Amino acid sequence: MIQIYTGNGKGKTTAALGLILRALGRSWKVCLVQFMKKYEYGEIMELSKLPDIDVFQFGTPELIDPNSPSEIDIIEAEAGWKKAMEVVQSGDYNLVVVDEINVAVAWNLLSLDKQLQLMKAAKNCELIMTGRYAEEEVINGADLVTEMKEVKHYYHSGLNARKGIEF
Ligand code: ATP
Ligand code: MG
């Protein structure tokens with residue numbers, strides 16, 4: 001099955017992490033591929049201690065300008081896609097989470113066609129794709145789509161991302 005967690009509210013990546021925890025508890029083999037992320041995250045520090053999960057991060061620590069992404073952002077997104085393809089085709093994993101891929105496509109770091117190819121390739125695993133701005137064709141091709149809707153968020157009052165809560 002293919003699941004999408006999208007929308008502008010908080011909870012997309014953490015929902016995927018919750019599912020990872022559940023799957024690991026059932027002795028599933030899990031792979032997490034993250035786009036546009038190269039910082040230290042609480043979840044990655046903890047997950048990398050576990051034997052049944054492999055984590056691959058692509059991106060740079062710099063913020064991306066959605067209107068003019070740099071060449072390195074595109075190179076990293078392509079590398080992330082190649083890794084995700086390899087992982088879903090390997091048959092080595094029961095659950096594959098591709099975090100923020102929807103944003104990578106929306107910001108033109110990766111083509112929509114490549115995301116659709118990934119979905120086609122995911123025949124032998126559960127595939128979760130997260131990130132705002134999931135394209136209509138991606139939504140149409142998925143089996144489950146959840147939209148996190150922002151009702152209220154403290155960042156509008158100027159609060160920065162907090163360790164332990166946002167990263
Ligand atoms: P989470 O990782 O907490 O589940 P998410 O995956 O739904 O959140 P993203 O859109 O990936 O959310 O954003 C990453 C984090 O940055 C989220 O925790 C979100 O609350 C926070 N965030 C989003 N937009 C802003 C902003 N403009 N300023 C500060 N923080 C933000
Ligand atoms: Mg996220």
Side-chain angles (χ1 to χ4, degrees), residues 1-25 30-50 53-70 72-74 76-81 83-84 87-88 93 95-110 112 114-115 118-119 122 125-136 138-139 142-167:
M1 296 275 177
I2 298 178
Q3 304 188 26
I4 311 290
Y5 306 152
T6 192
N8 66 348
K10 177 174 167 70
K12 300 170 291 291
T13 297
T14 46
L17 292 168
L19 193 69
I20 286 175
L21 183 62
R22 179 173 287 168
L24 289 172
V30 178
C31 186
L32 170 61
V33 179
Q34 295 194 303
F35 281 72
M36 312 191 328
K37 286 197 172 168
K38 268 277 169 73
Y39 341 92
E40 212 164 61
Y41 283 88
E43 61 266 32
I44 304 306
M45 292 157 69
E46 207 55 28
L47 288 175
S48 29
K49 296 177 189 165
L50 303 176
I53 178 165
D54 292 317
V55 180
F56 301 98
Q57 286 188 312
F58 295 88
T60 76
E62 311 304 322
L63 283 180
I64 299 170
D65 177 359
N67 298 313
S68 73
S70 66
I72 181 74
D73 297 322
I74 293 166
E76 285 288 311
E78 287 288 326
W81 176 78
K83 174 55 80 178
V87 157
V88 298
Y93 301 97
L95 171 65
V96 177
V97 173
V98 188
D99 190 31
E100 312 300 353
I101 186 172
N102 299 334
V103 183
V105 170
W107 290 2
N108 297 310
L109 304 182
L110 193 71
L112 171 61
K114 284 193 165 154
Q115 187 174 14
L118 179 67
M119 293 168 74
C125 63
E126 188 87 9
L127 174 66
I128 316 293
M129 296 187 289
T130 81
R132 296 159 187 232
Y133 323 121
E135 300 279 348
E136 206 176 310
V138 168
I139 289 173
D143 301 287
L144 178 153
V145 180
T146 296
E147 183 179 6
M148 270 61 174
K149 179 177 179 292
E150 184 191 302
V151 176
K152 206 175 194 183
H153 198 308
Y154 38 71
Y155 69 66
H156 296 302
S157 25
L159 199 70
N160 286 332
R162 290 174 297 161
K163 195 189 271 189
I165 302 291
E166 271 82 37
F167 63 95

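For the single chain, residues carry numbers from 1 onward in sequence order. Each ligand, and each atom within it, is numbered from 1 in the order the structure gives. Since the model is a prediction, treat every value here as computed from it, not as a measurement.
The nearest N, O or S atom of Thr13 is closer to the Mg ion (ligand 2) than 2.8 Å. The Mg ion (ligand 2) has an N, O or S atom of Glu100 inside 2.8 Å of it.
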Is there a side-chain contact (heavy atoms from CB on, under 4.5 Å) between Ile64 and Trp107 once you walk through the steps?
CA-CA 9 Å; Ile64 299 170; Trp107 290 2; 4.0 Å; yes

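Atom 3 (O) of ligand 1 has Lys10 NZ, 2.6 Å as its closest protein atom, hydrogens excluded (heavy atom only). Looking at atom 2 (O) of ligand 1, its nearest protein heavy atom turns out to be Thr13 CB, 3.3 Å. Nearest protein heavy-atom neighbour of atom 28 (N) of ligand 1: Tyr155 CG, 3.5 Å.
Within ligand 1, counting atoms from 1 as listed, the ones closer than 4.0 Å to a heavy atom of Glu166 are 18 (O). Per-residue contacts place His153 under 4.0 angstrom from the following atoms of ligand 1 (heavy atoms of the residue considered): 19 (C), 20 (O).
Within the structure, the closest approach of Gly9 to ligand 1 falls below 4.0 Å when heavy atoms are considered.
In this structure, the separation between NZ on Lys10 and OH on Tyr154 is 4.5 Å, given to the nearest 0.5 Å. With values rounded to the nearest 0.5 angstrom, Ile44 atom CD1 is found 5.0 Å from Leu32 atom CG. Interatomic distance, CG of Leu159 versus CD of Glu166, reported as 7.5 Å (0.5 Å rounding). To the nearest 0.5 Å, atoms CG (Leu19) and CD (Gln3) are separated by 6.0 Å. Residue Cys31 holds its SG atom at 9.0 Å from CG of Leu95, rounded to the nearest 0.5 Å.
Of the options Arg132, Glu100, Lys12, the smallest heavy-atom separation from atom 11 (O) of ligand 1 is shown by Glu100.
Within a 4.0 Å radius of atom 5 (P) of ligand 1, the protein contributes at least one heavy atom. Atom 31 (C) of ligand 1 is approached by the protein to below 4.0 angstrom, counting heavy atoms only.
Counting heavy atoms under 4.0 Å from ligand 1, residue Met148 does not touch it at all.
The heavy-atom pair separating Trp81 from Lys114 by the smallest distance is NE1-O, 2.8 Å. Shortest non-hydrogen contact noted between Ala84 and Val98 is CB-CG2, 4.2 Å. Annotation for Asn8 and Arg132: closest pair O-NH2, 3.5 Å, computed over non-hydrogen atoms.
Checked against a 3.5 angstrom limit, the closest N/O atoms of Gly11 and ligand 1 fall inside it.
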